[in-house]
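Down below is the structure, laid out as C-alpha cells.
Below, chain A is the first sequence line, B the second, and so on; all start at residue 1.
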Number of protein chains: 2
Amino acid sequence: MAKKTRSPLTRERVLGAALALADEGGFEALSMRKLGHELGVEAMSLYNHVANKGDLLHGILELVLLEMEIPGEGVRWKAALRKHAVSAHAAYRRHPWACRLAVAPPSLDHVLDVQIRQMEWKLGRLREGLSEHLAYHGLHALDSHITGFTLWELSHNITAENVGDLAARFLRLFPADDYPRTYEHVEQHLTGFGRDTDAFEFGLDLILDGLERQHEPQTRPRKRRTAAR
Amino acid sequence: MAKKTRSPLTRERVLGAALALADEGGFEALSMRKLGHELGVEAMSLYNHVANKGDLLHGILELVLLEMEIPGEGVRWKAALRKHAVSAHAAYRRHPWACRLAVAPPSLDHVLDVQIRQMEWKLGRLREGLSEHLAYHGLHALDSHITGFTLWELSHNITAENVGDLAARFLRLFPADDYPRTYEHVEQHLTGFGRDTDAFEFGLDLILDGLERQHEPQTRPRKRRTAAR
DNA sequence: ACCTGAACACCGTTCAAGT
DNA sequence: ACCTGAACACCGTTCAAGT
C-alpha cells in the first residue's frame, strides 16, 4: 500500500497522492507523515515540493475547483449559472473534504487563480440578466447555496448504507410521539419521498427564479422594492 | 490570565470557559491543555467533567444553539421562520466557530435535544403554510441557507478592520484590468454598496417568498410543477 | 538537488498513584 | 471523589548532516 511507483517526487505527484488519500480516508487521514509513507518517503521530504501543509491543502482544493464546469457562451445566463452550480455541487460530492476546505481555507492570503476566474465569470453572467444591485446580492446567494447546501448535506451525510442505522438510532433517542414532524421527515428520507426533485436544485431554482422575478417586477408588482441603488 | 476563581470545577464551568476561549482565541485556540490552564488545573482533570473533547465541543455548541430564538404562536409561519433564521445567523456570528462545528460535528452519534426540538418546530411551522412536499424541501433550503450563508460569510470574513488590507492585497495579486467584474464587486463591498439590504436576509427572502409563491400558483401559472407527491 | 535523523513544541488520552 | 505525573501515540516543522 506504499511505494507504488519509483518515479521521482514532484509537486504534482505529491498533490495527486494527497487528493487520493483525502478522498478515501477522509480529511483527517491526511497528515504529512501518512502522505510521506504513501509516497515511500519520509514526511520531511515533502517540504521540498510543498511550502507547508497549508500550501498542500490549497493545492488539492485547486484540483477540485478545476473540475467544475464553466459553460460557454451559447447558454443563457440563468441556465449557464445553473449548470455551473450543479457541476460545482457534484465536484464537492466527489471530494467530500473539499467544501469544508473552501469555506475554511488554511490561509486567507492564499487566493487561487481559479477562484477569481470563477467569480469573474459568475458576476459577468449575472449582469447579463440582472441589475447591478441584484447581481451583487445574487452572487452571495448563489455562492452560499453551493457551499452551504453541500456542507449541510455532508454533515447529515445520509447515504444508502447508513440511512437505516441513522433512522434506527434517531428513533431510539427521540420517541416518535414527542417529535411527530421530525419522525415523518426522517421517514420521508427513508422512503425516497423527495427523490423526484433534487434537493440541491430545488433550492438553486428558488434563488435563480427569485432573482429573475425581482428583475422583472412589471407583472403583479410586489411589496419588495426593485433594484434601487 | 488563569485561575480566575477558586470555586470547584463543574461541567458547567468547564463548558463556560471553553466557550469563552473559543470566542476570543478562535476554534484552534481551544485545546484540552490550554483550557485546563485557563481553569487553573491540569488537562487530565477535565476528563472528570467531560467524556472527551468531542463531548466538550457538543457541549459548547449546545450553548450557542440555545441562544437562537423560537418565536411564539402569535406570529405567522413565514415571519416566525424568518425571525428564527435571523436569530440563528446572529448567534453564529457571535460565536464564529460554532457554525463549522454544527456542520462538522465531532460525532454523528451525538444528537442534541435542542437540534431535534428546533427541527420539529421548523417543520411544524412550514406545514402551516406549505404542502408536505414543499415543507420537505423547504426545510433543506432554509437550513442550508442559515448554515451555508454564515459559513460562506465567515470564510470571506470581511470586517471593518481587515477590509482595506483584503482589497489592497487582492488588487496587488489580480490586476483590475483582467478582472473588472470582481474588481467592481470588491469595490462595492468597500463602499458599502449593499448596506441597505442585509445579504443574509436577501437570500432568506428569496427562499421563503419562493416557497410561498410555489404553494399558491393560481396567479400567473409558471412552468414549474406544483407541489405534487 | 533531494532526502533523512534527530529534535522541538505541540496535540488527545489513559492509568496508576496520590490526596 | 477529584486531581496529577508519567507515558503513549500522534501532529507539523526545522535544520544540520548526509548523498
Side-chain angles (χ1 to χ4, degrees), chain A residues 1-22 24-61 97 100-101 104-110, chain B residues 1-22 24-61 97 100-101 104-110:
Chain A
M1 49 170 44
K3 311 191 187 192
K4 302 200 168 189
T5 53
R6 239 46 213 82
S7 57
L9 216 50
T10 61
R11 180 181 170 90
E12 200 182 4
R13 271 191 70 219
V14 170
L15 293 182
L19 186 139
L21 206 56
E24 61 191 48
F27 191 66
E28 62 285 352
L30 178 56
S31 79
M32 299 299 272
R33 287 168 145 98
K34 282 179 195 149
L35 178 57
H37 179 75
E38 200 72 15
L39 289 160
V41 103
E42 298 300 319
M44 308 75 104
S45 313
L46 300 173
Y47 288 86
N48 287 312
H49 307 96
V50 138
N52 48 40
K53 191 169 185 186
D55 181 31
L56 177 80
L57 295 179
H58 278 105
I60 59 175
L61 173 62
W97 44 269
R100 263 187 299 208
L101 202 53
S107 156
L108 291 174
D109 294 15
H110 206 310
Chain B
M1 52 170 40
K3 311 191 189 192
K4 300 200 170 190
T5 54
R6 239 43 214 81
S7 57
L9 218 49
T10 61
R11 181 182 169 91
E12 201 183 4
R13 270 192 72 219
V14 170
L15 293 182
L19 187 139
L21 207 56
E24 63 192 46
F27 191 67
E28 62 284 351
L30 177 56
S31 79
M32 298 300 271
R33 287 167 145 99
K34 282 179 196 149
L35 177 56
H37 178 74
E38 200 72 15
L39 289 160
V41 105
E42 297 300 318
M44 308 75 102
S45 314
L46 300 173
Y47 289 87
N48 287 311
H49 306 96
V50 137
N52 47 40
K53 191 169 185 185
D55 181 31
L56 176 81
L57 295 179
H58 278 105
I60 59 175
L61 174 60
W97 45 269
R100 263 187 298 208
L101 203 52
S107 156
L108 291 174
D109 295 14
H110 206 309

Pairwise N/O distances under 3.5 Å, protein to nucleotides 4-7 of chain C:
unit_1 : atom_1 : unit_2  : atom_2 : d
C:dT4  : OP2    : A:Glu42 : N      : 3.0
C:dT4  : OP2    : A:Ser45 : OG     : 3.0

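- An OP1 or OP2 oxygen of C:dC11 is reached within less than 4.0 angstrom by a side-chain nitrogen or oxygen of B:Lys34.
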Taking Watson-Crick and G-U wobble contacts under 3.5 angstrom, with | marking pairs to another strand and [ ] crossing pairs, the secondary structure of DNA chain D is written ||.|||||...|||||.||

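- One interatomic measurement links the two molecules: OH of A:Tyr47 to P of D:dG12, which rounds to 7 Å at whole-angstrom precision.
- Nucleotide D:dC10 holds its C1' atom 16 Å from the CE atom of B:Met32, rounded to whole Å.
- The distance between atom CG of B:Leu35 and atom P of C:dC10, rounded to the nearest whole Å, is 17 Å.
- Residue pairs meeting the side-chain hydrogen bond (donor to acceptor under 3.5 Å, both in side chains) criterion with at least one partner in residues 46-57 of chain A, sequence neighbours excluded, are A:Arg11-A:Asp55.
- The closest donor-acceptor contact from the side chain of A:His58 to the backbone of A:Gly54 lies under 3.5 Å.
- Distance from the side chain of A:Lys53 is smallest to D:dG12 among D:dG12, C:dC11, C:dT14.
- Of the side-chain N and O atoms in A:His49, one or more sit less than 4.0 angstrom from OP1 or OP2 of C:dC3.
- For the side-chain contact (heavy atoms from CB on, under 4.5 Å) with B:Leu35, the lone residue among B:Leu46, B:Val50, B:Leu15 that qualifies is B:Leu46.
- Of all non-hydrogen atoms in A:Leu39 and A:Ala17, the two that sit nearest each other are CD2-CB, 3.7 Å.
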